[in-house]
Every structure is written in structure tokens, then in C-alpha cells.
Amino acid sequence: MSRCDHCGSHVSERFARVFADEDGRLDACPSCAANAGIAEVARDRTRTETH
């Protein structure tokens with residue numbers, strides 16, 4: 001069972017395959033980001049966490 005690394009909500013395995021980064025992290029999901037911007041939110045959160 002996959003979970004969002006940002007908010008801890010359950011996500012499907014299919015969602016995880018599509019939106020996880022190369023390390024398998026999910027930094028956004030429908031529970032904590034707008035559906036239209038999940039990839040953008042994840043990218044922005046990754047930048048913020050690494051800087």
C-alpha cells in the first residue's frame with residue numbers, strides 16, 4: 001500500500017508508479033494538492049526540501 005510522503009494519505013499503486021520520483025518518493029497526492037497540479041506541487045516541494 002503506497003502513501004504520500006507529504007501528508008501520509010493512501011494512494012493507489014498505479015498513482016505511485018506515475019507520480020513517484022526516481023527514488024520512489026511521493027511528494028503530493030489528490031489529498032494535499034490540486035489534481036491538475038500534482039506534478040508541479042511535487043516538484044516545488046522537492047526543490048524546497050533540498051534547498
Quiz item: Looking only at heavy atoms, what is the nearest atom pair of Cys29 and Cys4, with distance?
Solution: SG-CB, 3.7 Å
Quiz prompt | Distance in Å, Glu13 CD paired with His10 NE2, rounded so as to fall on 0.5 Å steps | solution = 7.5 Å
Self-check item: Check ion pair Asp27-Arg25 (N to O, under 4.0 angstrom)
Solution: yes
Quiz prompt | Phe15 CZ to Ile38 CD1 distance, which is reported to the nearest 0.5 Å | solution = 4.0 Å
Quiz item: Minimum heavy-atom separation for Val41 to Ala28, with atom names?
Solution: CG1-CB, 3.9 Å
